[in-house]
**Student:** 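I'd like to ask some things about the structure below.
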Amino acid sequence: MTIFTINEVTKTFTNGEVDEQVLKGINLSLQEGEITALIGASGSGKSTLLTIAAGLQSATDGQILFQRKRMTDMNPEQIRKIRASEFGFVFQSSHLVPFLTVEEQLLLMLDVSETKLSKRAQKEEIEKTLQWVDMNHRKNAFPSSLSGGEKQRVAIARAIIHRPKILFADEPTASLDSKRSKDVMTLMRKLTKTLQITTLMVTHDEEMLPYADRIITMKDGLIL
Ligand SMILES: Nc1ncnc2c1ncn2[C@@H]1O[C@H](COP(=O)(O)OP(=O)(O)OP(=O)(O)O)[C@@H](O)[C@H]1O
Ligand SMILES: [Mg+2]
C-alpha cells in the first residue's frame, strides 16, 4: 500500500543572480514496510529530495502526500507535529547530544514527539528499543565513550523510539567501515520489517543496495 507520495516536486535555489533548478519534477511513491534506496551522483539532488519529503524544507512546486494528506498545504505547526511524531531521522553522522547519556537521548526524543507515556512506560520503551539495537548495556554511557557503529545504533534507536511511520536516512552508513555498515543495514532492515516502518534511504554505497526493496536512481534533478 502506498503511504507516501511525491508528486511533480521541483526545487529551485537562487544563488546570487542565478536560479538553479535542483529538482525538476520528481514523482515517487513509497510502499508501506518497504526500504527504498535513493542513489545517484553527488549533486544530483538526493539530500534535497529527502529533506523536502521529510518536511525540513519546502518544495518550490508540487505535492507531498503522507497517508493521503497534502503536507504541502499544511501550516508549519502541522508539519512540525507530523515530523516529530510520525517521522524518524538518521543522518550520516549520528548527531547525538554530547552531554546526554544514551538513555537521555531517547527520553528527549519521546518528549519532542509528545508521546504520551508514563515515566515507567517510557523507561520500558527505551529499554526495549535499546535491546533491539543491542545497546541496553550502554544506556548510561555518554556518546564520547561509544564507537562509531555504537553511536549509529543509538541514533537508529532514537529515530524509532516514538515508532514513526516513515524513517528518512541520509547516508546512514557513510561514516562506518564495511562490516559495521552491513551490521547497521541488517539492523535497519530487521527493524523496518518488524515495526512495518517505511524507509527512504540515500546511499552512495553499492554494498547497501541488497538491503533495499527498491532502488531509485537520480540524475541531474530527475529520477531515471
Ligand atoms: N540551500 C541550498 N542553496 C543553494 N544550493 C543548494 C542548497 N542545497 C543544495 N544545493 C545545491 O543543490 C544541488 C543538489 O544538492 P544535494 O545536496 O541534494 O545533492 P546530493 O545528491 O545529496 O549530493 P551528495 O551525494 O554529494 O550528498 C547541488 O548542486 C547543491 O549545491
Ligand atoms: Mg547528499
Side-chain angles (χ1 to χ4, degrees), residues 4-30 34-66 71-72 74-76 79-80 82-83 87-96 148-149 151-153 155-156 158-160 164 166-178 180-182 184-185 187-189 192 197-224:
F4 197 90
T5 308
I6 296 169
N7 211 341
E8 289 298 321
V9 162
T10 67
K11 182 70 177 176
T12 302
F13 289 115
T14 308
N15 294 317
E17 305 278 276
V18 225
D19 282 352
E20 193 196 351
Q21 193 174 36
V22 168
L23 300 179
K24 298 174 179 161
I26 301 284
N27 293 294
L28 176 63
S29 53
L30 304 181
E34 278 194 0
I35 300 183
T36 301
L38 204 54
I39 61 171
S42 176
S44 57
K46 305 180 297 296
S47 296
T48 304
L49 180 60
L50 192 88
T51 49
I52 288 175
L56 294 166
Q57 63 174 331
S58 58
T60 302
D61 214 340
Q63 287 294 331
I64 310 257
L65 290 100
F66 168 57
M71 287 184 62
T72 16
M74 293 178 189
N75 65 39
I79 291 178
R80 186 199 67 77
I82 288 187
R83 218 168 41 216
F87 295 171
F89 300 92
V90 185
F91 299 100
Q92 175 170 350
S93 117
S94 54
H95 293 297
L96 300 179
K151 279 187 207 151
Q152 209 55 338
R153 269 147 57 201
I156 290 170
R158 184 182 56 182
I160 59 161
I166 318 260
L167 185 62
F168 295 99
D170 198 348
E171 307 199 35
T173 60
S175 63
L176 306 174
D177 62 28
S178 174
R180 299 263 184 286
S181 295
K182 285 180 181 161
V184 161
M185 280 314 304
L187 176 66
M188 293 240 305
R189 192 164 171 89
T192 55
I197 294 175
T198 305
T199 297
L200 181 60
M201 172 184 76
V202 171
T203 184
H204 263 125
D205 188 348
E206 301 240 324
E207 282 198 300
M208 301 306 116
L209 299 184
Y211 297 89
D213 297 296
R214 205 151 63 106
I215 299 164
I216 306 283
T217 308
M218 283 187 73
K219 190 176 181 213
D220 299 331
L222 284 167
I223 283 173
L224 292 187

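These figures come from a predicted structure and were not determined experimentally. The figures that follow rest on heavy atoms only: side chains count, while hydrogens, waters and symmetry mates do not. Both ligands and their constituent atoms are indexed starting at 1 by order of listing.
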**Student:** Give the atoms of ligand 1, by number and element, whose distance to some non-hydrogen atom of His204 is under 4.0 Å.
**Tutor:** 25 (O)
**Student:** Do me a favour and list the nearest non-hydrogen protein atom to atom 27 (O) of ligand 1 with residue, atom name and distance?
**Tutor:** Glu171 OE2, 3.8 Å
**Student:** If the contact criterion is a heavy-atom separation under 4.0 Å, does Glu20 count as touching ligand 1?
**Tutor:** yes
**Student:** Could you find the nearest protein heavy atom to atom 15 (O) of ligand 1 and give me its residue, atom name and distance?
**Tutor:** Thr48 OG1, 3.7 Å
**Student:** Based purely on interatomic distance, does Gly45 place a nitrogen or oxygen under 3.5 Å from a nitrogen or oxygen of ligand 1?
**Tutor:** yes
**Student:** For ligand 1, which atoms sit closer than 4.0 Å to a heavy atom of Ala41?
**Tutor:** 21 (O)
**Student:** Considering all protein heavy atoms, does one lie under 4.0 Å from atom 31 (O) of ligand 1?
**Tutor:** no
**Student:** Could you tell me if the side chain of Leu56 sits less than 4.5 Å from the side chain of Phe89, heavy atoms only?
**Tutor:** yes
**Student:** I'd like to know if Asp213 and Arg189 make a salt bridge, using a cut-off of under 4.0 Å between side-chain N and carboxylate O.
**Tutor:** yes
**Student:** Within Ser47, is some N, O or S atom less than 2.8 Å away from the Mg ion (ligand 2)?
**Tutor:** yes
**Student:** When you check the side-chain N and O atoms of Asp19 and Thr14, is any donor under 3.5 Å from an acceptor?
**Tutor:** yes
**Student:** Around atom 25 (O) of ligand 1, find the nearest protein heavy atom and jot down its residue, atom name and distance.
**Tutor:** Lys46 NZ, 2.7 Å
**Student:** What's the shortest distance from atom 11 (C) of ligand 1 to any protein heavy atom, and which residue and atom give it?
**Tutor:** Val22 CG2, 4.0 Å
**Student:** Could you establish whether Gln57 and ligand 1 come within less than 4.0 Å of each other, counting only heavy atoms on the residue side?
**Tutor:** no
**Student:** What is the nearest protein non-hydrogen atom to atom 26 (O) of ligand 1, stated with its residue, atom name and distance?
**Tutor:** Ser42 OG, 2.6 Å
**Student:** For atom 1 (N) of ligand 1, what is the closest protein heavy atom, and at what distance to 0.1 Å?
**Tutor:** Phe13 CE2, 3.5 Å
**Student:** Could you find the nearest protein heavy atom to atom 23 (O) of ligand 1 and give me its residue, atom name and distance?
**Tutor:** Gly43 N, 2.8 Å
**Student:** Going by the side chain to side chain contact (heavy atoms under 4.5 Å, CB included) test, name the single residue among Lys24, Gln21, Glu20 that passes it with Thr12.
**Tutor:** Gln21
**Student:** Test side chain to side chain donor-acceptor pair (under 3.5 Å) on Asp170 and Ser47; report intermediate values, then the result.
**Tutor:** CA-CA 7 Å; Asp170 198 348; Ser47 296; 2.7 Å; yes
**Student:** Taking Gln152 for the side chain and Pro172 for the main chain, is one N or O donor matched with an acceptor at less than 3.5 Å?
**Tutor:** yes
**Student:** Pairing donors with acceptors under 3.5 angstrom, does anything connect the side chains of Glu171 and Thr203?
**Tutor:** no
**Student:** Does either side chain, that of Thr51 or that of Gln57, offer a donor lying less than 3.5 Å from an acceptor on the other one?
**Tutor:** yes
**Student:** At what distance is the nearest protein heavy atom to atom 4 (C) of ligand 1, and which residue and atom is it?
**Tutor:** Asn15 OD1, 3.2 Å
**Student:** Is the closest side-chain donor-acceptor distance between Asn27 and Glu8 under 3.5 Å?
**Tutor:** yes
**Student:** Any luck finding a side-chain donor-acceptor pair between Ser181 and Glu207 under 3.5 Å?
**Tutor:** no
